[in-house]
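Written below as C-alpha cells is the structure these notes are about.
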Amino acid sequence: MWIILGIIAIVATLINLYMYIAGKDYKLAMAIGLSFTALTLCSEYSLVSRWVKMEDWPALLDVVPSMEKALWFLTIVSIMLNITPILLELKGKR
C-alpha cells in the first residue's frame, strides 16, 4: 500500500510544480502531495507494526535501517519540492 501512496505523492508533487510553472493555482496539488507523503509514512509505520506483532525480526532487521534513511530523505525532498512554489512566489513579491 505504501508504494501506491508514494507514487500518488510523487505524481501530485509533479502536478504541483507543473501548475506553478503554467501559472495556475497549485495549492490543492501541493496539499494533496504533502497529504499523500504523510499517508505513505503512516502506511510504512503500519507495515513495521505488523512485523513487530508477528515477531518477524529478520524483516525488521533487514528493512528498517535502510528504510529509515530513505523515508527521511524522501520526506524532506517532498516537503522542499511542494513548498518551492510558495517560496518562489514570496521571493517574486519582494
Side-chain angles (χ1 to χ4, degrees):
M1 184 64 155
W2 65 270
I3 292 175
I4 294 167
L5 294 170
I7 290 170
I8 294 171
I10 291 168
V11 170
T13 300
L14 294 174
I15 291 170
N16 172 26
L17 295 172
Y18 169 76
M19 291 180 78
Y20 173 74
I21 291 169
K24 298 179 180 178
D25 186 24
Y26 58 86
K27 292 179 180 132
L28 179 61
M30 177 182 65
I32 292 170
L34 290 172
S35 297
F36 274 95
T37 298
L39 291 172
T40 302
L41 293 173
C42 291
S43 178
E44 182 65 28
Y45 191 83
S46 294
L47 177 65
V48 170
S49 176
R50 249 182 281 134
W51 288 342
V52 169
K53 288 176 187 172
M54 293 178 2
E55 298 183 5
D56 191 355
W57 308 124
L60 290 165
L61 291 170
D62 186 40
V63 174
V64 172
S66 58
M67 283 305 292
E68 176 202 6
K69 292 173 186 70
L71 291 173
W72 272 106
F73 174 75
L74 293 171
T75 301
I76 291 168
V77 168
S78 175
I79 292 168
M80 299 287 284
L81 287 175
N82 276 293
I83 66 169
T84 296
I86 289 178
L87 297 175
L88 291 173
E89 253 184 27
L90 290 174
K91 184 179 176 185
K93 289 183 181 179
R94 289 185 191 180

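Position 1 is the first residue of the sequence, and the numbers go up from there.
Of the possible donor and acceptor atoms, none in the side chain of Thr75 sits under 3.5 Å from a partner among the backbone N and O of Trp72. Looking only at distances, a side-chain donor or acceptor of Thr84 sits under 3.5 Å from a matching main-chain atom of Met80.
Ser78 is not listed as a side-chain neighbour of Ile76, based on a closest heavy-atom distance of 4.5 Å or more. Contact annotation: the side chain of Leu47 approaches that of Glu44 to within less than 4.5 Å [non-hydrogen atoms, C-beta and beyond]. Contact check for Leu17 versus Tyr20: no side-chain heavy atoms found under the 4.5 Å cut-off. At a threshold of 4.5 Å between non-hydrogen side-chain atoms, the residues Ile79 and Thr37 do not count as touching.
Val52 and Leu41 end up in the same hydrophobic cluster when Ile, Leu, Val, Met, Phe, Trp and Tyr side chains are linked at under 4.5 Å. Leu88 and Leu90 fall within a single hydrophobic cluster, where Ile, Leu, Val, Met, Phe, Trp and Tyr side chains are chained together by heavy-atom contacts under 4.5 Å. When the side chains of ILVMFWY residues are joined at heavy-atom separations under 4.5 Å, either directly or via intervening members, Ile32 and Ile4 end up in a single hydrophobic cluster. Hydrophobic cluster membership is shared by Met67 and Val64, with clusters built from Ile, Leu, Val, Met, Phe, Trp and Tyr side chains linked at under 4.5 angstrom. Residue Met30 is grouped with residue Ile7 when hydrophobic side chains (ILVMFWY) are merged at heavy-atom distances under 4.5 angstrom, including chains of intermediate members.
Taking every heavy atom of both residues into account, Pro85 and Asn16 meet most closely at CG-OD1, 3.7 Å. Taking all atoms of both residues into account, the shortest heavy-atom contact from Trp2 to Ser43 is N-OG, 3.3 Å. Of all the heavy atoms in Leu5 and Leu39, the pair that sits closest is CD1-O, 3.5 Å.
A distance of 12.0 Å separates CG in Leu60 from CZ in Arg50, rounded to the nearest 0.5 Å. Taking CD1 from Ile86 and OH from Tyr26, the interatomic distance works out to 5.0 Å, rounded to the nearest 0.5 Å. Taking CG of Asn82 as the start and CZ of Phe36 as the end, the distance is 12.5 Å to the nearest 0.5 Å.
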